[in-house]
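Quantities reported herein were computed from a predicted structural model and do not represent experimental measurements. Quick note: numbers below take in every heavy atom, side chains included, and nothing from hydrogens, waters or symmetry partners.
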Amino acid sequence: MVSKWTIKGKGSAMQEYFMGVDIGTSGTRAVLFDASGYEVAVSRQEYPLLCPQQGWMELDPEVIFHAVITTVSRCISLSGIPKDQIRGLGISCLMHSLMAVSRDGRPITRLITWADNRSMEEAEFIGKSYPVQQLYEKTGCRVHHPFYPISKILWFKKHQPELVRATSRWMTIKDYILFKWFGEPITDYTLASAQGFFNIHTRDWDEDILKEVLGIKRGTLCPVASCLHALKGMKREYAHAMGLPDDITVSIGSGDGVMANLGCGVFDDTAMSSTIGTSGALRTTVTRPVTPEGQPLWCYAFTDDRWVAGGAINNGGVVLKWFRDNFQVQFEKEAEAFGGKIYRLFDSYAEEVPPGSQGLIFLPYLAGERNPDWNARATGVMWGLTYAHTRKHLVRAAMEGILFRLFAVYEILEKYLAPRHKIRAGGGYAQSRIWLSMQADLFGRRIEVPKVTEASALGAAFLAMAAAGAVDRLDKMLPAMKAQTVIEPNPENHSLYREIYQKAMTLYETTKNMVLENEEGEHAEE
């Protein structure tokens with residue numbers, strides 16, 4: 001139950017507010033919510049994804065840290081809410097990140113992101129040298145894919161052993177921020193699960209994997225706690241810089257995926273959340289680990305009695321961001337009609353093009369692929385391009401191609417779990433009605449959109465509410481989590497999209513085999 005609180009010495013009740021900070025791959029958002037979960041103010045700041053070598057995708061941890069300070073401060077300033085009314089803060093964070101920190105608490109690497117494929121050889125080594133199905137059943141992770149940090153630690157050990165010797169702790173970016181704020185190393189179950197060497201049954205680092213696969217000690221990892229764990233006593237310099245009260249309660253939060261699940265009001269397996277931000281995913285909450293043969297899904301610990309199972313795609317909104325960044329000059333003039341917002345321009349493009357993009361199929365594998373078949377070598381393909389196609393077709397085909405990959409995940413979830421009753425949308429794409437309509441048509445299912453679309457930030461703020469005692473259980477549906485919009489599928493478009501989806505998957509298999517044949521030829525020449 002949502003409660004009120006009263007300032008000591010005054011008789012009037014005062015509204016309480018909670019901050020959710022969502023640290024993503026392309027930027028950070030700070031969102032202030034009231035006790036019902038409605039947005040009061042939001043601040044965003046983007047930062048560059050650094051690609052110093054092919055396959056490397058990094059972020060600067062100090063840039064992210066300062067983005068968090070700036071966005072929180074700006075959000076509070078925009079809201080006009082006195083800081084003594086802000087009761088709690090929670091953090092949502094990109095998953096599968098890794099950075100090395102020295103004994104004096106300084107980063108000695110950049111933040112290695114989930115999209116970084118430098119450790120492909122190390123991942124293949126794990127696949128050849130260890131019983132990966134058993135490791136999957138322990139960890140819920142396909143550990144022989146370079147997406148997971150387990151192979152990235154092996155890469156550092158092989159290529160930068162001196163750096164490894166200087167490493168005091170391996171951290172995620174959220175761990176690093178909390179460490180700077182409180183001086184205490186700590187991580188949560190889910191971000192620990194997403195590393196590839198955490199046992200989702202015992203909810204602890206797996207000693208056998210640490211010893212036999214990685215050769216590292218437990219002391220180089222952060223202690224683990226439930227996402228419900230809260231910290232107090234933030235260093236004054238940071239509390240003041242952000243405009244927060246000195247005694248604010250900070251929930252350690254969790255990964256952006258599970259926070260989106262929570263923020264969408266998905267508390268059990270009667271619903272699934274669908275999100276497209278930089279990447280994309282479908283998820284549901286389960287009461288037991290789900291680790292099917294073939295490893296098509298991931299499964300991460302969440303609380304002491306809940307896990308989150310699902311599948312993710314590498315290439316979500318990052319594909320549209322690639323269009324925006326590389327062809328910005330061409331788009332900027334037209335975007336003036338939409339207040340300079342290029343993504344709104346993209347929506348208008350998509351609305352002008354019929355379903356199927358007049359035969360144009362875009363396989364959007366700009367950064368390899370994850371679920372369901374974990375093809376790290378996948379690359380993008382534009383198929384069926386003719387002189388009649390315009391940039392409007394390219395944009396719609398990109399949006400459709402992203403959904404085709406998400407639908408491949410949906411088919412797997414339907415196979416291994418009971419049919420979901422609801423699909424609840426969150427993330428940046430939930431603000432695009434045309435994109436949601438495409439999804440409803442392809443999936444043949446109604447899509448529900450909660451009143452608040454910043455689902456990951458709301459999930460983080462919701463944990464802060466729980467930590468501060470403002471909600472009494474994690475399955476309490478806040479008013480803002482309830483559906484505001486329902487998108488119904490168009491039966492004719494559904495039939496068309498299913499045909500195009502099959503063509504896209506056939507094209508994907510063909511190009512995948514071509515890549516494999518090419519690699520085999522290169523190895524034979526060597």
What distance do [X] atom [atom1] and [Y] atom [atom2] have between them, rounded to the nearest 0.5 Å?
| X | Y | atom1 | atom2 | result |
| --- | --- | --- | --- | --- |
| I76 | K83 | CD1 | NZ | 9.0 Å |
| Y148 | T139 | OH | OG1 | 7.5 Å |
| L413 | M272 | CG | CE | 5.0 Å |
| N371 | L282 | CG | CG | 9.5 Å |
| S119 | L154 | OG | CG | 8.0 Å |
| D256 | D22 | CG | CG | 6.0 Å |

Are a donor atom and an acceptor atom from the side chains of [X] and [Y] found within less than 3.5 Å of each other?
| X | Y | result |
| --- | --- | --- |
| S273 | N261 | yes |
| R283 | T275 | yes |
| Y349 | E334 | yes |

Using the ring of W114 (Phe, Tyr or Trp, six-membered ring only), decide whether R370 places NZ or CZ under 6.0 Å from its centre and within 45 degrees of its axis.
yes

Does F65 have K180 sitting over its ring (NZ/CZ under 6.0 Å from centre, angle to axis within 45°)?
yes

Counting only N and O atoms by type, is there a donor-acceptor contact under 3.5 Å from the side chain of [X] to the main-chain atoms of [Y]?
| X | Y | result |
| --- | --- | --- |
| T71 | A67 | yes |
| R87 | Y17 | no |
| N314 | A367 | yes |
| T284 | A271 | yes |
| W181 | Y238 | no |
| Q85 | Q15 | yes |
| R424 | C264 | yes |
| R169 | G219 | yes |
| T249 | A464 | no |
| N315 | G368 | yes |

Student check: side-chain heavy atoms of [X] and [Y] closer than 4.5 Å:
| X | Y | value |
| --- | --- | --- |
| T190 | V308 | no |
| K451 | P479 | no |
| M234 | M242 | yes |
| H66 | E62 | yes |
| I200 | Y189 | no |
| V486 | E448 | yes |
| V143 | C141 | yes |
| Q53 | R118 | no |

Decide side chain to side chain contact (heavy atoms under 4.5 Å, CB included) for V63 and L59; before the verdict, give the C-alpha distance in whole Å, the side-chain angles of both, and the deciding distance to 0.1 Å.
CA-CA 8 Å; V63 167; L59 293 167; over 6 Å; no

CA sep, side-chain torsions, deciding dist, call: T485, L436, side chain to side chain contact (heavy atoms under 4.5 Å, CB included)
CA-CA 10 Å; T485 305; L436 294 168; over 6 Å; no

NZ/K235: more than 12 non-hydrogen atoms of other groups inside 6.0 Å:
yes

Within a radius of less than 6.0 Å around CD of Q54, do more than 12 heavy atoms belonging to other residues, nucleotides or ligands occur?
no

Where [X] and [Y] come nearest, the two heavy atoms and their spacing:
| X | Y | result |
| --- | --- | --- |
| R74 | S43 | NH1-OG, 2.9 Å |
| D116 | K152 | O-CE, 3.2 Å |
| L191 | S254 | CG-C, 4.4 Å |
| L32 | C75 | N-SG, 3.5 Å |
| A457 | V31 | CB-CG2, 3.7 Å |
| Q195 | P149 | OE1-CG, 3.4 Å |

Salt bridge check: are [X] and [Y] linked by an N-O gap of less than 4.0 Å?
| X | Y | value |
| --- | --- | --- |
| R218 | D204 | yes |
| R324 | E46 | yes |
| D325 | K321 | yes |
| K174 | D188 | yes |

Determine whether the aromatic ring centres of [X] and [Y] lie less than 6.0 Å apart.
| X | Y | answer |
| --- | --- | --- |
| F331 | F346 | yes |
| F156 | W170 | yes |
| F198 | W205 | yes |
| Y410 | F407 | yes |

Report the C-alpha separation of Q439 and Y429 in whole Å, then their side-chain angles, then the decisive distance to 0.1 Å, and conclude whether the side-chain hydrogen bond (donor to acceptor under 3.5 Å, both in side chains) test is met.
CA-CA 10 Å; Q439 183 180 22; Y429 95 120; 2.6 Å; yes

Name of the residue among I64, T172, T113, T25 meeting side-chain contact (heavy atoms from CB on, under 4.5 Å) with S97:
T172

For a side chain to side chain contact (heavy atoms under 4.5 Å, CB included) check, start with the C-alpha distance between F197 and I153, then their side-chain angles and the critical distance, and finish with the verdict.
CA-CA 11 Å; F197 39 92; I153 290 180; 3.9 Å; yes

So I177 and I23, side chain to side chain contact (heavy atoms under 4.5 Å, CB included) or not? Walk me through it.
CA-CA 11 Å; I177 289 169; I23 303 165; 3.4 Å; yes

Relative to the ring of F147, is the ring of H96 parallel (under 30°), tilted (30 to 60°) or perpendicular (over 60°)?
tilted

Go through the structure and list residues passing side-chain contact (heavy atoms from CB on, under 4.5 Å) with H159, not counting sequence neighbours.
E122, W155

